[in-house]
Amino acid sequence: MICMWQGCAVERPAGRMTSQTPLPQSPRPRRPTMSTVVELNVGGEFHTTTLGTLRKFPGSKLAEMFSSLAKASMDSEGRFFIDRPSTYFRPILDYLRTGQVPTQHIPEVYREAQFYEIKPLVKLLEDMPQIFGEQVSRKQFLLQVPGYSENLELMVRLARAEAITARKSSVLVCLVETEEQDAYYSEVLCFLQDKKMFKSVVKFGPWKAVLDSSDLMHCLEMDIKAQGYKVFSEFYLMYPTKRNEFHFNIYSFTFTWW
């Protein structure tokens, strides 16, 4: 580059900038690239881990989330965001890091392990007493009772309908164990009505497998309480049929509202 100054030609280095040389533009902000160490925002709680940890089990939802940037969500600070409860993510992360199986909050961690589809952890948790008892033993027990969930919902609806201006409301539950008993069920309803003991009645059964009635009543009370209701169950009466070959067990479920 030649510069004329007082009639003299002065050569300047070609690489030197002048006041008229345009400044280089700043590069546009880009989304962070996948590095070995990543920061996570899980439901508002921050974690730092590695891609190797998150991808430990191919086929899991976590591995899929971090297989490419296109599948990952980011928060305003550039951290990878997962919209799940933060409380139970730490045990999940500890298992991915060290293989340590959680020992606390088992049902909640089990639910999160199912969401993230971490199959080895799901299997380990299913073998623990808390999950085995609920998911295997009790679930199989209730599958023997036709319409259990529907009748449970009906009980709650009837109790709520009778709760207007009342502190308590009651629903009767009649256990019908066999098809033969079912044929006499209308006789039970007529008896309750004649004795002016007729309340809302929900029938459970008949069922083919042999069930322990007390266990069934325990399941009903436990599942209703799990919905947040205050309920108390007790034996109401035993009604023998005219043939006296069997009898009906009738229980009362009392809901307290205030």
For the pair F248 and Y184, evaluate ring-ring contact (aromatic ring centres under 6.0 Å, His included) and give the outcome as yes or no after the intermediate values.
CA-CA 9 Å; F248 291 92; Y184 288 88; 7.6 Å; no
Drop me the distance from [X]'s [atom1] to [Y]'s [atom2], to the nearest 0.5 angstrom.
X	Y	atom1	atom2	answer
K230	F255	NZ	CZ	13.5 Å
L154	K203	CG	NZ	12.0 Å
C219	R138	SG	CZ	4.5 Å
S213	L175	OG	CG	5.0 Å
H218	L216	NE2	CG	11.0 Å
K168	T256	NZ	OG1	4.5 Å

Is the count of non-hydrogen atoms from other residues, nucleotides or ligands lying under 6.0 Å from [X] atom [atom1] greater than 12?
X	atom1	answer
Q227	CD	yes
D212	CG	yes
K61	NZ	yes
E234	CD	yes

Is there a side-chain contact between [X] and [Y] (heavy atoms, below 4.5 Å)?
X	Y	result
V176	F204	no
L93	T53	yes
W258	R167	yes
L62	I118	yes
M155	L220	yes
N41	E77	no
T49	H47	no

Quick one: is the NZ or CZ of R84 closer than 6.0 Å to the six-membered ring centre of F115, and within 45° of its axis?
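Judged by the rule, R84 and F115 form a cation-pi pair.
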Cluster question for you: counting only ILVMFWY and a side-chain heavy-atom cut-off of under 4.5 Å, with indirect links fine, are [X] and [Y] together?
X	Y	result
F81	L54	no
W257	V231	yes
L143	F141	no
L237	F232	no
M222	L142	no

Verify whether one side chain among [X] and [Y] offers a donor that lies under 3.5 Å from an acceptor in the other.
X	Y	result
N249	Y239	no
R160	Y229	yes
T50	T36	no
E221	S233	yes
S200	E162	yes
E126	Y110	yes

Is [X] reaching over with its side chain to a backbone N or O of [Y], donor-acceptor style, under 3.5 angstrom?
X	Y	result
R55	F66	yes
R79	L40	no
S169	A159	yes
E64	S60	no

With a 6.0 Å cut-off on the ring centroids, do F57 and Y116 count as close?
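No.
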For the residue pair [X] and [Y], what are the closest heavy atoms and their distance?
X	Y	value
T254	S170	OG1-OG, 3.3 Å
A113	L121	CB-CD2, 3.9 Å
V42	P85	CG1-O, 4.0 Å
S86	E45	CB-CB, 3.4 Å
V202	Y185	C-OH, 4.5 Å
Q130	I106	NE2-CG1, 3.6 Å

With salt bridge (Lys or Arg N to Asp or Glu O under 4.0 Å) as the test, would you mind laying out the steps for R90 and D94 before giving the verdict?
CA-CA 6 Å; R90 188 174 298 278; D94 287 342; 5.8 Å; no
Under the ring-ring contact (aromatic ring centres under 6.0 Å, His included) rule, what do Y251 and Y236 come out as? Steps first, then yes or no, please.
CA-CA 5 Å; Y251 298 83; Y236 190 72; 9.6 Å; no
